[in-house]
Number of protein chains: 4
Amino acid sequence: MPNKQEVQATVKNEELIRIRREQMIKGAVSLFKEKGFHRATTREIAHASGFSIGTLYEYIRKKEDILYLVCDQIYDEVQWRLRGRLQYRRVTAETLKKGIAAYFKIMDEMQDEVLVMYQEAKSLSKEALPHVLNKELEMVEIFVDMIRAFVRSEGLDVPETAVRLAAHNIVVQGQMWAFRRWALRKQYTLEEYTELQTRFLLNALCPDPPKKG
Amino acid sequence: MPNKQEVQATVKNEELIRIRREQMIKGAVSLFKEKGFHRATTREIAHASGFSIGTLYEYIRKKEDILYLVCDQIYDEVQWRLRGRLQYRRVTAETLKKGIAAYFKIMDEMQDEVLVMYQEAKSLSKEALPHVLNKELEMVEIFVDMIRAFVRSEGLDVPETAVRLAAHNIVVQGQMWAFRRWALRKQYTLEEYTELQTRFLLNALCPDPPKKG
Amino acid sequence: MPNKQEVQATVKNEELIRIRREQMIKGAVSLFKEKGFHRATTREIAHASGFSIGTLYEYIRKKEDILYLVCDQIYDEVQWRLRGRLQYRRVTAETLKKGIAAYFKIMDEMQDEVLVMYQEAKSLSKEALPHVLNKELEMVEIFVDMIRAFVRSEGLDVPETAVRLAAHNIVVQGQMWAFRRWALRKQYTLEEYTELQTRFLLNALCPDPPKKG
Amino acid sequence: MPNKQEVQATVKNEELIRIRREQMIKGAVSLFKEKGFHRATTREIAHASGFSIGTLYEYIRKKEDILYLVCDQIYDEVQWRLRGRLQYRRVTAETLKKGIAAYFKIMDEMQDEVLVMYQEAKSLSKEALPHVLNKELEMVEIFVDMIRAFVRSEGLDVPETAVRLAAHNIVVQGQMWAFRRWALRKQYTLEEYTELQTRFLLNALCPDPPKKG
DNA sequence: AATGAATGAGGATTCATTCAT
DNA sequence: CATGAATGAATCCTCATTCAT
């Protein structure tokens, strides 16, 4: 995973870097949740991470590096969890349902992190942003693959563009569960939300619902 | 419009307040687009608005007030434009299509503003946020009404929860066109995007596509 | 005097800039004397200048600007004083003596400032240094002119290179009175120092001392 | 050489101290040349010296100790080289010429070091400065001795004060070749410079040039 | 003896806000 | 009403120094 190497550390011990950054990301996320990236001071971040400001700067170069590490880590975490729950051979409607449910579940579990990322990503530098956007695309690709497999195995006639857009929709709807919780939570449980969105998707893909058989 | 009164001004002349705030919002939006709320200084905002920092503070109390005025104004603008293009009696699939297209078009036209709002709204104060979220709900309600009318007039059997979620989806998909333009623009024109999303929605609402008649 | 414009100020009022910078230079010089440029903090400089740190930064961009202003000002002051005391038509040995004496006197009066400049000039930026070195050359040129006039009027045979070096020597000997005071003061009064150095110079220029007549 | 003992080391092994400090001085000088004492960090100095920051502090107590060691060493080096090239019994004009030439040559060879010392000596502590100034006086004394011997052997009538000042002048003119190289190098080679300054000196000392005899 | 991770005081700079003119 | 100079708290970041390994 070479991407994290891009953030320069003064400390040499690689293992220590891993440990400290883990602490840092944890501390930072909890702070960012509370007050956002800009309002969280580096001192606060250091403190929340369990070490001094001096030590913080042994593991990063600029405050912004922390944001990058946080975003990067959240994506990795989401993908790691998702791939762990996404074991399939053939993709049926059931598989798709389970996939979406798994993803939404993760978004629900990581609500705060997701929120942080969506609100703060814009503060990333011109160099860091593409890396993060790329990870977002990887997420989309996971669902593109699934839907494509589904479409094929069901013998549906869905153009590639529709497949991709459907994948984008799924990804966004997962995030939406996090960033619109103020509205959605009042009306839906996660299960209801998942159920409805999945049905919408399946209807959209196969307007004549595949008769079993 | 009592909500804008909540931002206190030192100046008394109401008309002048209107004028200056208009200038201010214009200047602020263009700055926020470029560097975000936090990185834009009050001096810069005053300058971009065409007056001095002293004058700026005659019309607001705190920097955050500007953000509130900006967000508020963007929502008003979106709604105003949308309602202007949304004249309907009965709601057919065609009406719905046109409504969605109109909304997406507005999101496309106001891309920068929408982006600003989505990225900066979290910086609003605890007092201001509800106002803005309420405006967001008003947007949802517009589509709830439309979809409900459509469902009724088509005699479809769609539960209220599904109607509301569909409305949320539309609203989010409009915003998505703005905040995911980095990915979507590469693959879709606004027309293609609108066409696909609309088809998805209609399929979702009436899996047995309404036989003409 | 366009050179001071090179240091950007936020404040617009030119007259105010003049006044504040004068205060600033005064405060800075007295601090620099005491602890040198690097050890003087911007806060201390602001305080010594009679205003707040915020105000200080309304009149400069970086700490280094202060050093530039200080050096620039010292040279101007030295030259201004020197030219004021250097009114001559023909240049005789007497004129030269008086010129040197005047210059050494100024160096004596401005000992602290001269010391500051000599010790801190190296901290000037790559852009500022040439300006300051140029002023140093102007000083040399003053004595080049004088010596050249003297040599001519005495009908001496001194090559240009010797003239220039003699001028450099005078300039350096003046500074030397400031930066070697720890050693020289113990043995010479300013008058003795001036007398000796002048005699050295005149002997050097006209080894056969001009017979009266 | 008891003076170096004044800088305390944690390490006991005297030979090791010698070796490490030699490395240190070498590394430090090259760094100081480049960025000056204040801008060179202890980490950089350690690195340039070929060991770790921890090790650096085994051989000194404070950063400033390094500066003292450097200055001290430069003076020792200069004196050592100079005395090595200064073997004389009787002092004739020729001897003096050669002595000055040797000294200027050394100043030329050690330009960077000389510069470093002149610009940074002021950062020495109150305790260290006198030691260094004393070494400077030793340099002066070398030339005082020479000139005195010359004056005597030539039967000249030059008062002691003039002798001392002439010695100061020589020392400063050597340094001047280093710290004014930006101006002098454009006009003189070292040989020309030496030739001119020597002639000035001799003329100054014996206005009636000693008729050979 | 050597190392390098940890520390935190300290320093430069910014910027929201005020207020006299 | 408009202006813009003044303010100083707040913030990012550096770096000399220490000390456990």
Side-chain angles (χ1 to χ4, degrees), chain A residues 9-13 16-17 19-20 38-47 50-64 66, chain B residues 9-13 16-17 20 38-47 50-66, chain C residues 9-13 16-17 19-20 38-47 50-64 66, chain D residues 9-13 16-17 20 38-47 50-66:
Chain A
T10 307
V11 166
K12 293 172 177 177
N13 184 330
L16 203 47
I17 293 180
I19 295 171
R20 291 282 176 270
H38 279 102
R39 281 200 253 271
T41 70
T42 49
R43 282 189 133 83
E44 286 172 327
I45 297 170
H47 185 77
F51 34 73
S52 70
I53 180 69
T55 301
L56 179 73
Y57 275 88
E58 292 281 308
Y59 295 92
I60 54 158
R61 279 248 247 264
K62 340 206 85 230
K63 187 187 178 191
E64 197 205 278
I66 306 172
Chain B
T10 307
V11 166
K12 302 295 170 199
N13 183 332
L16 200 50
I17 293 182
R20 291 281 177 268
H38 279 102
R39 282 199 255 271
T41 71
T42 50
R43 266 165 138 114
E44 286 172 325
I45 296 170
H47 185 77
F51 36 74
S52 71
I53 180 67
T55 302
L56 181 72
Y57 272 86
E58 295 285 315
Y59 295 92
I60 55 158
R61 279 253 246 263
K62 336 208 90 225
K63 187 188 178 189
E64 197 204 278
D65 289 346
I66 306 172
Chain C
T10 307
V11 166
K12 294 172 177 177
N13 184 330
L16 203 49
I17 293 180
I19 295 171
R20 292 283 176 269
H38 279 103
R39 281 201 254 272
T41 71
T42 51
R43 285 187 131 83
E44 286 170 326
I45 297 170
H47 185 77
F51 35 73
S52 71
I53 180 67
T55 300
L56 180 72
Y57 274 89
E58 292 280 309
Y59 294 91
I60 54 155
R61 278 245 248 264
K62 337 207 89 228
K63 187 187 179 192
E64 197 206 278
I66 305 172
Chain D
T10 308
V11 166
K12 303 292 170 204
N13 183 333
L16 202 46
I17 293 182
R20 292 282 177 267
H38 278 102
R39 281 198 256 272
T41 71
T42 50
R43 266 165 137 115
E44 286 171 325
I45 296 170
H47 184 78
F51 36 74
S52 70
I53 179 67
T55 301
L56 180 73
Y57 272 86
E58 295 286 314
Y59 295 91
I60 55 159
R61 279 253 245 264
K62 338 209 90 224
K63 187 188 178 190
E64 199 204 275
D65 289 345
I66 305 171

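Here is how names work: the chains are called A, B, and so on, in the same order as the sequence lines, proteins then strands, and each is numbered from 1. Hydrogens, waters and symmetry mates are skipped; everything else that's a heavy atom, side chains included, is used. Predicted model, so just to flag it, every value in this text is computed and none were measured.
When each of A:Gly54 and C:His38 is assigned the nucleotide of DNA chain E bearing its nearest heavy atom, the one mapping closer to the 5' terminus is A:Gly54. Mapping D:Tyr59 and B:Thr42 onto DNA chain E via the closest heavy atom, the residue that lands nearer the 5' end is D:Tyr59. Positionally, the nearest nucleotide of DNA chain F for C:Glu58 lies more toward the 5' end than for the other of A:Glu64 and C:Glu58. Checking B:Ser52 against A:Ile60, the closest nucleotide of DNA chain F that is more toward the 5' end is the one next to B:Ser52.
If you measure from atom CZ of A:Arg61 to atom P of F:dC12, you get 18 Å, rounded to the nearest angstrom. Between the P atom of E:dT14 and the CZ atom of B:Arg39 lies a distance of 15 Å, rounded to the nearest Å. Taking atom CG of residue C:Asn13 and atom C1' of nucleotide E:dA20, one finds them 15 Å apart after rounding to whole Å. For the pair A:Ile53 CD1 and F:dT11 C1', the computed distance is 10 Å after rounding to whole Å. If you take NZ of C:Lys12 and P of F:dA2, they are 15 Å apart, rounded to a whole angstrom. Distance, D:Leu56 CG to E:dG4 P: 13 Å, rounded to whole Å. Put simply, NZ on C:Lys63 is 21 Å from P on F:dC12, counting in whole angstrom units. Atom NE2 of C:His47 and atom P of F:dA6 are 17 Å apart (whole Å).
If you check every strand for non-hydrogen atoms under 4.0 Å, C:Ala40 touches sugar and phosphate atoms only. Backbone-only contact: C:Arg20 has heavy atoms under 4.0 Å from sugar-phosphate atoms and none from a base. The residue B:Thr41 sits close only to the backbone: its heavy atoms come under 4.0 Å of sugar-phosphate atoms, none of a base.
You'll find a donor-acceptor pair under 3.5 Å spanning the side chain of A:Arg43 and the base of E:dG10, going by distance alone.
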Derivation and outcome, side chain to side chain contact (heavy atoms under 4.5 Å, CB included), residues C:Val11 and C:Arg20: CA-CA 10 Å; C:Val11 166; C:Arg20 292 283 176 269; over 6 Å; no

Candidate pair D:Ile60 and D:Thr42, rule side chain to side chain contact (heavy atoms under 4.5 Å, CB included), full reasoning: CA-CA 11 Å; D:Ile60 55 159; D:Thr42 50; 5.8 Å; no

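Atom OG of residue A:Ser52 and atom CZ of residue A:Arg43 lie 9.5 Å apart, to the nearest 0.5 angstrom.
Ring pair D:Tyr59/D:Phe51 is tilted by interplanar angle, where 30° to 60° counts as tilted.
For D:Tyr57 and F:dT17, the shortest distance from a side-chain N or O to OP1 or OP2 is below 4.0 Å. Side-chain nitrogen and oxygen atoms of A:Thr55 include at least one within less than 4.0 Å of the OP1 or OP2 phosphate oxygen of E:dT7. The phosphate of F:dC12 has neither OP1 nor OP2 within less than 4.0 Å of any side-chain N or O from A:Lys62.
In this structure, A:Glu64 does not pair ionically with B:Arg39, as no charged nitrogen and carboxylate oxygen lie closer than 4.0 Å.
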Pairing pattern in dot-bracket form [Watson-Crick, G-U; both distances under 3.5 Å; | = partner strand] for DNA chain E: .||||||||||||||||||||

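Closest approach of C:His38 to C:Lys63, counting heavy atoms only: O-NZ, 3.6 Å. Residue D:Ala9 comes nearest to D:Ile17 through the heavy atom pair CB-CD1, 3.8 Å, listed as atom of the first residue, atom of the second, then distance. D:Ala46 and D:Leu56 make their closest contact through CB-CB, 4.1 Å (heavy atoms, listed as atom of the first residue, atom of the second, distance).
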